[in-house]
Every structure is written in structure tokens, then in C-alpha cells.
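First up is the structure itself, then whatever we jot down about it.
Numbering of residues begins at 1 and proceeds along the displayed sequence. What you see is a predicted model, and the numbers here were worked out from it, not measured in a lab. Atoms within a ligand are numbered from 1 in the order they appear, just like the ligands themselves.
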Amino acid sequence: MKILVLNGGSSTLKALLCEFTGPRPPESPQPPLWEAHAEWGWRPGLAELRAKNACGGIDEREIPIDASSAVIEPLLAALWEGPARVLQSRGEIEVVGHRVVHGGHAFTETTRVTAEVRAAIARLVEFAPEHNRLELEAILAAEAVFGEAVPQVAVFDTAFHTSMPEKAAVYPGPREWLDAGIRRYGFHGISHQYTSRRAAEILGRDPASLRVITCHLGNGCSLAAVRGGRSVDTTMGFTPIEGLMMGTRSGSIDPGILIYLVRHRGFRADQLDHTLNKESGLKGVSGISGDMREIQAAMEAGNPRARLAFEVFVHRLCREIGGMLASLGGLDALVFTAGIGENSPLVREQVCRQLEFLGLKLDPQKNVASPRDEDIAAPDSGVRVLVIHTEEDWEIARECHRLALAGW
Ligand code: ADP
């Protein structure tokens, strides 16, 4: 089965083609048959749609797909046209899988896209304006390329966390919030699902008996508490701002700060949005950059603000791991993934040192030897520590395959 995966971020679109033979996909990722990236470029009409989003969801008929088709069509045509083609024709593609960031509370699992599903994704643009609209555009553009007969599948970043118990998902605000969909959804679910399953595989353990904390530390950062392969708690909530300190996002802060800024500094919603999403986190505290590599380099050069930013990052990370630990009631494995989690031995070492009281012991040599899909705990450690390369696109392809074999 040849599966095309489209993963559209806010500025780029990633496309890859995977092939699965046999009734079960291999657990560990295989190299794709083909992959390509494209810049979305300027999005006509986005500002107007944003203004509308402030008042409610959008109607999918309002989405101009010309711009997306202009990006997607030539990108995909390289698959079956020209010297580097890997297919005889577009007809060889049997399924198209899409990453969709927000599936709300209704989408508890991977779903075949129908007109109703598209309408629901469009309504959720209100909750994830940067993402759901682009993802819907990609779905419409792919339908234009492949026709309605080729199944399209939405794999939601929120779905993995719909297993959270209500007590972990409900905010202690007025009852009307919950009725209006103001609840904790959690994000990065595709990565947390993949890395927690892969951890069980690397450890040779049954996922049903494993308690794992997955630390997805990229530009956006979140943790998940996973018991028996199901998310029981996570740090991101109604939006991806909640929880850990991130590259340019604040993570959790006292909401009283927002009331203060509105009352005494005349902040409007778009200014709060910009401050909390783009001017906070590592970038805000350091005044240098939201990029951990630059923070570490500045810290090594003796910059005190970079050091403070790094220390706040690690402190908050440890504090939130403590929260996930309490939700799990114990810990078998701590997993590090994404840009910082996979590539910063310093972050891993500092976090693990803080958790030594659990009987957790890092192997210092393994930690600095660019581990990938490896257990880096000392043999006598009471908790395993894993570095796992996240493979969100592979997980999307697996989900498509699973759904196809289950008869949709
Ligand atoms: P995204 O969330 O956009 O997918 P990534 O997962 O690529 O982002 O993570 C980006 C983050 O990873 C940046 O803060 C970057 O500095 C950090 N990073 C990448 N390589 C290293 C490294 N060698 N040491 C420390 N941080 C790193």
C-alpha cells in the first residue's frame, strides 16, 4: 500500500511517500520512498479570516484553495513526472494521510475525511487558527489532485489525549467554559503516541504494563504521562501555550498577569497573543534567541541572561515532570524527543540529576554519544531513560494503514 503523508506546518509543507507490504507495518520506521518540502509562501486572505476567527469558526467554502494548489500540485507532480519520478502515475497512491492539529473533543481517533469531518475541522479553526485552516486547504487541494475516490485520512494531534480522565481535562473555571469547549485538549499527540510505543519496543516491554513520561522538547514543548499506552495527563491544554517554557512561548504563567496587562498597560487580545506566543520563553528571558543552541552557546560564553533562561527552562521542565509523575503514580521510563530532547545532552543531564531521588541514574558516556533510539540509563538505574527520534510522519502513515486494514 502506497501512502502519501502531508504534514503542513505554519510556514512549510512536508510531503512523503511510504510503502507498506504485508498485513502489519513494521514497528520501527523504514526510510520513505520519497520526500519533499515546500514553503507555503504568502497566504492571501489570512488576515481577514483571522479577524473572522475571532468571532467564530469558518465555513470551509470560504477557504481559497488556489494558493495551496499552487504549492501542492507541482510538489506532488514530481512524484510521477520528470526524471526523478518514483511512480508511473498518480493512480498508484492509495491513501493520503494528513496531520491535523486540532480535532477537538469529538475526534478521539484517526478518521477518514468526509464532508462532515471537513466541516468539523473548519469549525475548529476557531481554536487553532494557524493550523487547521492550512490543513483543511491541504485536504481540499489533495482532493483536487487525486479525486474523491482516493481516501483521505485525518490524524489528529489532540486525539491521543482524549483518553485523559475528565479530572485532568477540566479547568476549574465556570461550568459554561466546559460547555463552550474550553477544556484541556493537549497537543503533540502523534509524537507522544509514537515515542511511548517505541519506548516499549526498545525496552522489550509490553506497552500495557509501562508507565512513561514522554518529553517532546522542540520549539514547542510538552510532556505526556502515558500509562498502558494511553495518555493520562499532558502539559499543554486549551492551547499550546500551557505548560512548559518553550522557545518563544511562555508556558503556564499566572493569569493575573494578563488582567494586569489589560487593565494597566492597555493590552489588546492580539498583543497578548503575540507576547505569549512569540516574545516569551527562552527568547523573552534571554533577550537573545528562542533557539536552544544559541542559548547554550551564549551561556558558555558567559552571558548571564542566557544562563537564567536555561535555568528557568530546566527548572520548569523538572517541575512539570513532577506533576506527570504524580498523575502516573510511578515511572518506568523517561523519554526525550524532538530537537532539544534528542540533541541537548546538557538538558538531559540536568533534568536527570534533579530526578536522582527516584533512583534514576544516567550513563554519562551514553548521554553524550549522540544517542538515537537508545536507553541511556546506567544498568542499575531504577528508571530507564530513552532518547527517541520522533517520527510523526511515519506514525501518520501507520495510522492510515491501520484504518485501511480495518475497513475504514
Ligand atoms: P519544531 O518543534 O519546530 O519541530 P525541533 O524539534 O526541530 O522544532 O526543535 C528545535 C529546537 O531544538 C531548537 O530550540 C533548537 O535549538 C534545538 N536543538 C537542535 N539541535 C540542538 C542541539 N544540538 N543542542 C541543543 N538544542 C538543539
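- Nearest to atom 15 (C) of ligand 1 by heavy atom, out of Asn219, Thr248, Asp291, is Asp291.
- For ligand 1, none of its N or O atoms has an N or O atom of Gln296 under 3.5 Å away.
- With Gly218, Gly341, Gly339, Gly247 as candidates, the residue nearest to atom 18 (N) of ligand 1 on a non-hydrogen basis is Gly339.
- Using a 4.5 Å heavy-atom cutoff, the side chains of Leu282 and Met245 are in contact.
- Ranked by closest heavy atom to atom 20 (N) of ligand 1, the top entry among Ile340, Leu217, Asn343 is Asn343.
- Within the 4.0 Å cut-off (strictly below), a protein heavy atom is located near atom 12 (O) of ligand 1.
- Side chain of Arg348 to main chain of Ile340: no donor-acceptor pair is present (N/O by atom type, distance under 3.5 Å, no hydrogens or angles).
- A distance-only check finds no donor-acceptor pair linking the side chain of Ser286 to the backbone of Ala306 [under 3.5 Å].
- In terms of heavy-atom proximity, Arg316 sits nearest to Ser252 at NH1-O, 2.8 Å.
- For atom 27 (C) of ligand 1, the closest non-hydrogen atom on the protein side is Arg293 CG, 3.6 Å.
- Ion pair Glu395/Arg197 flagged as a salt bridge, since at least one NZ, NE, NH1 or NH2 atom sits closer than 4.0 Å to an Asp/Glu carboxylate oxygen.
- Aromatic rings of His102 and Tyr185 (six-membered ring for Trp) have centroids within the 6.0 Å cut-off, being under it.
- Residue, atom and distance of the protein heavy atom nearest to atom 14 (O) of ligand 1 are Met292 N, 3.0 Å.
- Heavy-atom contacts of Ser344 reach the following atoms of ligand 1: 25 (C) (cutoff under 4.0 Å).
- Using a non-hydrogen distance threshold of 4.0 Å, Gly220 registers as a contact of ligand 1.
- We find that Glu356 and Arg353 are not joined by a salt bridge, their nearest charged nitrogen and carboxylate oxygen being 4.0 Å or further apart.
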